[in-house]
Amino acid sequence: MLIVLGVFFVLPFVAMVEFSTRDSQTWPLLVDWPALSERYPALAEGITNSLLQAALTALLMLVLLVPTAVWVRLRLPRLRRLVEFICLLPLTIPAIVLVVGLAPVYAWVTYFLGGSSLTLVFAYTVLVLPYAYRAIDAGLSAIDVKTLAEAARSLGAGWGTVMWRVVLPNIRSAVLSAAFLTVALVLGEFTIASLLNRTNLQVAINFLGKSSATMSVAVSLTSLLLAFVLLLLLSLLGGRRRTSKESS
């Protein structure tokens, strides 16, 4: 069974590598950013937009979610289930339904902020909440947040110091996990960007496939490998965290 599953997952990668190497200029062009930008400006724009969207989404998600999760554990424990339900809600709603709900909101966003693709950061922050919340909540469950916060406060530390120098160092692995999951999800998102007429990596790959199939497959393969590396790093961080707990 494992061999069958391995062949099932490996064969598409092998086919993508074989197809993308039929043109000897594809991969050299892909790593030559000035030439790539000149020949495929839409692809270069999509790559740039997706990287910026991933970074900004991860930042906004952490700024909103980490203090909220910590505050709920410290001051509002009865609301923990409600906050968890709200954060997990986007996981149960299909992307097409989310777009229908977000379309009127984005009409106002476009009016006030313009039609930049970076405005997708707000939608992506909602989209990644289920995965990021689970990662951060698991990190907070592994430590005694209340005791650490009360000890720091008794020594005269403010809430900013408690968050930055006490809580965050103890949930570093969880924060990195949430950030990696956010980046992987944003780099692979297509439906919301396409239906809201914004440009990101997957939308650019879709359009590129109509004119240059080999380059489209090469970029898709690179995107998949990047997501695989991020998830591998996530797995390694999780294994290191479990090992450190067992040794302690």
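Not measured: the values here are computed from a predicted model.
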Peer 1: Apply side-chain contact (heavy atoms from CB on, under 4.5 Å) to residues E189 and Q202 and explain how you reach the verdict.
Peer 2: CA-CA 7 Å; E189 202 286 320; Q202 300 303 322; 5.8 Å; no
Peer 1: Please check: side-chain N/O of T161 versus main-chain N/O of A157, any donor-acceptor pairing under 3.5 Å?
Peer 2: no
Peer 1: With distance as the sole criterion, is a donor-acceptor pair present between the side chains of T21 and W27 under 3.5 Å?
Peer 2: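 No - no donor-acceptor pair under 3.5 Å links their side chains.
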Peer 1: Quick check for you: to the nearest 0.5 Å, what is the distance between L118 atom CG and R198 atom CZ?
Peer 2: 10.0 Å
Peer 1: Rounded to the nearest 0.5 Å, what's the gap from CG on N200 to CD on Q53? Could you check?
Peer 2: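 Spacing of CG (N200) from CD (Q53) equals 5.5 Å.
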Peer 1: When clusters are formed by joining ILVMFWY residues with side-chain heavy atoms under 4.5 Å apart, either directly or through shared neighbours, do L51 and L201 land in the same one?
Peer 2: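 In one cluster: yes.
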Peer 1: Among residues two or more places apart or on two chains, list those pairs meeting ring-ring contact (aromatic ring centres under 6.0 Å, His included) that have a residue in residues 116-138.
Peer 2: none
Peer 1: Please check this pair: side chain of N170 against backbone of I143, looking for a donor-acceptor N/O pair closer than 3.5 Å.
Peer 2: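 A pair under 3.5 Å: no.
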Peer 1: Count the heavy atoms belonging to other residues, nucleotides or ligands that lie under 6.0 Å from CZ of F228, then report whether that count exceeds 12.
Peer 2: no
Peer 1: Could you walk me through whether W164 and W159 satisfy the ring pair (Phe, Tyr, Trp, His ring centres under 6.0 Å) test, starting with their C-alpha distance in whole Å, then the side-chain angles of each, then the deciding distance to 0.1 Å, before giving a yes or no?
Peer 2: CA-CA 8 Å; W164 185 255; W159 282 113; over 10 Å; no
Peer 1: Test of understanding: with salt bridge (Lys or Arg N to Asp or Glu O under 4.0 Å), list the residues that count as partners of E84, not counting sequence neighbours.
Peer 2: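 Scan of E84 (salt bridge (Lys or Arg N to Asp or Glu O under 4.0 Å), adjacent residues dropped) gives R81, R134.
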Peer 1: Does the N49 side chain pair with the main chain of T199, one donor and one acceptor, at a distance under 3.5 Å?
Peer 2: yes
Peer 1: Can you confirm whether D137 sits close enough to S141 that some side-chain heavy atom of one is under 4.5 Å from a side-chain heavy atom of the other?
Peer 2: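 Touching, per the 4.5 Å side-chain cut-off.
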Peer 1: Donor-acceptor pair, distance only, cut-off 3.5 Å: does the side chain of T26 make one with the backbone of D23?
Peer 2: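 Looks like yes, one N/O pair under 3.5 Å.
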Peer 1: T57 and side chain to side chain contact (heavy atoms under 4.5 Å, CB included): which partner among L52, T182, L127?
Peer 2: T182
Peer 1: If you define the side chain from C-beta out and look only at heavy atoms, does anything of T125 sit under 4.5 Å from L64?
Peer 2: yes
Peer 1: Compute whether any side-chain donor of one residue and acceptor of the other, for S212 and R39, lie under 3.5 angstrom apart.
Peer 2: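 R39 and S212 do not have a side-chain donor-acceptor pair below 3.5 Å.
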Peer 1: Give a yes or no on whether E18 atom CD has more than 12 heavy-atom contacts from other residues, nucleotides or ligands under 6.0 Å away.
Peer 2: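 Correct, the count exceeds 12.
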Peer 1: Which label fits F112 and W108: parallel for a plane angle under 30°, tilted from 30 to 60°, or perpendicular past 60°?
Peer 2: parallel
